[in-house]
Amino acid sequence: MDEKKLFEDFKRAVVEHHEFFKNSIPLIASENVTSMAVRRFYLSDFGCRYAEGKVGKRFYQGCQYIDVVEDVAVKLTKKIFGAEHANVQPISGVTANIAAFFALAKPGDKAFSLSVPCGGHISHHRFSAAGIRGVNVTDYPFDNESLNIDIDKTRKLALKEKPKVFVLGASLYLFPHPVKEIVEIAEEVDGKVMYDASHVLGLIAGGEFHDPIKEGANVVTASTHKTFPGPQRAIILSERSLAKKVDSAVFPGVVSNHHLHSLAAYVVACMEMMEFGKSYAKQIVKNAKALAEKLHELGFNVVGENVGFTQSHQVAVDVSEFGGGDPVAKMFERINIVLNKNLLPWDDLSKTENPSGIRIGVQEVTRLGMKEGEMEALAEIMWNAVNGKRSEDELRSEVVELKKEFTTIKYAFEESEAYAIVESFLNGL
Ligand SMILES: Cc1ncc(COP(=O)(O)O)c(C=O)c1O
């Protein structure tokens, strides 16, 4: 092993990663950037500590201040989402989903989930969280026209199969799922509704998407780092009657220590969303619609023309005519536009390597201050790219130029305020 070379490669990778993202348009729908205030907490001593168990009932000494942080995190989470109960300990969305399946189902029970091409996440299926609990998953009937769950067919199937868990929420998530209708069906068959809000948590916090709790979902799981601009971790919201089951499924079920530096950072992200969430979420949806409309106008086959393209942070485009999602996503990466290939509802799993679609998320560029005008400029670059109208070098320069003015994080506390917040936070402990 050439250790010197390994170290040089490592150093270069770290520097070049940051340089690449500085000069790129980040459009991965599951990512976001945290503010400097959030990062300040992320780098605190909390990251070196352990806190197993519940607030006030820990197994190690030294947790008295951490207890305060977790208590604040729970209170803010309940306030923002209007939840009866919040568990803020899961360290990722998948961890939260494993815990939710343990709380809601026994091995051998049935669940309904969206298939992966229709937007379901792998953790809703047997490959991951559902399978770990031994739950047998049936895909919801899906309507490719409305791009949503077919309620009539779902009801018929549910009366026959009697699933214990109805999973809603998705990774490819353009339009709100029919929570109320699914809750009614679930009640008929004595099932529970588990809504995975990972993608749309920030939109829900900002009042720009439907509210799954108000609409009757029993459990809401969510990662905190997609449209919600927090550090990478997750939460589980539930009604009071499920609190004990959820809490014990989380600890000792799937976490021991729960990454306290990111918990402290999450508190700051909650404060930012209380302050700026409304305007941030509004602009995200405006930007997604503007991008979808311009891409469509230019000639892209944007998914959902008959239903208004999107109501979320995402836009999906069928790029089969340009060779499919794989070569198109790789070409965009060469010109510094970062997005992912994606299965679409009309794909089967054999198309996983090269699906029909690409998925675009505008939550991060919105946080960097881009508005409708930039969405139009971006659409033009993308159209010229797929049609080979300019060289990749020229297109990359256009991307770098477009990005130049958008390198600071908006909808966040100013850095000077951030330090004041940090200070008063620490003084309060
Ligand atoms: C709907 C949904 N749930 C869960 C997850 C997993 O979250 P994490 O990566 O935090 O485990 C994702 C990831 O993108 C997702 O899209």
Side-chain angles (χ1 to χ4, degrees), residues 26-34 42 87-102 104 111-133 135 137 139-140 142 148-149 165-177 179 193-204 209-210 212 217 219-237 249-250 253-255 258-259 262-263 265-266 269 312-316 338-345 352 355 357-361 363-364:
L27 299 171
I28 301 281
S30 54
E31 296 179 353
N32 212 326
V33 274
T34 51
Y42 199 82
N87 187 305
V88 296
Q89 296 186 343
I91 54 168
S92 75
V94 170
T95 313
N97 284 345
I98 298 172
F101 277 117
F102 270 78
L104 296 177
F112 278 7
S113 298
L114 282 144
S115 71
V116 172
C118 294
H121 187 252
I122 42 168
S123 61
H124 307 162
H125 288 275
R126 69 183 162 82
F127 328 103
S128 174
I132 288 169
R133 183 48 165 162
V135 167
V137 178
D139 296 341
Y140 283 105
F142 195 79
N148 219 320
I149 293 166
V165 185
F166 292 76
V167 182
L168 296 175
S171 298
L172 175 64
Y173 200 11
L174 300 168
F175 301 99
H177 290 152
V179 180
V193 175
M194 164 184 162
Y195 183 104
D196 183 342
S198 292
H199 265 272
V200 289
L201 193 69
L203 301 181
I204 294 170
F209 209 66
H210 67 176
V219 170
V220 174
T221 60
S223 47
T224 51
H225 46 265
K226 304 185 197 303
T227 51
F228 195 94
Q232 296 193 345
R233 57 186 296 118
I235 55 173
I236 304 180
L237 314 170
V250 174
V254 289
V255 298
H258 61 96
H259 301 186
S262 74
L263 181 68
Y266 167 70
S312 74
H313 60 305
Q314 296 185 6
V315 177
V338 190
L339 45 70
N340 63 279
K341 61 182 175 184
N342 219 93
L343 288 161
L344 296 177
T352 302
I358 52 170
R359 184 186 66 167
I360 306 169
Q363 70 294 336
E364 186 171 338

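Everything numeric here is computed off the predicted structure, so don't read it as measured data. We count ligands from 1, going down the list as the structure has it; atoms in each ligand are counted the same way.
- Aromatic ring pairs are classed by plane angle as parallel below 30°, tilted from 30° to 60° and perpendicular above 60°; the pair His124 and His121 is perpendicular.
- Annotation: atom 3 (N) of ligand 1 to nearest protein heavy atom, Asp196 OD2, 2.6 Å.
- Using a 4.5 Å cut-off on side-chain heavy atoms (C-beta onward), Asn97 and Val167 make no contact.
- At least one heavy atom of Ala170 sits closer than 4.0 Å to an atom of ligand 1.
- Contact annotation: for Ser223 versus ligand 1, heavy atoms closer than 4.0 Å belong to the side chain alone.
- Of the candidates His121, His199, Arg233, Glu31, it is His121 that places a heavy atom closest to atom 5 (C) of ligand 1.
- Among all non-hydrogen protein atoms, the one lying nearest atom 8 (P) of ligand 1 is Gly93 N, 3.3 Å.
- Between the side chains of Ser198 and Ser223, at least one donor N or O lies within less than 3.5 Å of an accepting N or O.
- Using cut-offs of 30° and 60° for the angle between ring planes, the Tyr266 and Phe228 rings count as tilted.
- With a heavy-atom cut-off of 4.0 Å, His225 touches ligand 1 through its side chain alone.
- Listed by number with element, the atoms of ligand 1 under 4.0 angstrom from any heavy atom of Ser171 are 1 (C), 2 (C), 15 (C), 16 (O).
- Near Ser92, with a cut-off below 4.0 Å to any heavy atom, the atoms of ligand 1 are 10 (O), 11 (O).
- Atom 14 (O) of ligand 1 has as its closest protein heavy atom Lys226 NZ, 2.9 Å.
- The closest side-chain heavy-atom distance from Leu201 to Ile235 is below 4.5 Å.
- Ring geometry for Tyr140 against Phe112 counts as perpendicular: the plane angle is over 60°, on a 0 to 90° scale with 30° as the lower cut.
- The closest heavy-atom contact to atom 11 (O) of ligand 1, among the options Val94, Val200, Thr95, comes from Val94.
- Looking at residues two or more places apart in sequence or on another chain, you find a side-chain hydrogen bond (donor to acceptor under 3.5 Å, both in side chains) between His210 and Tyr195.
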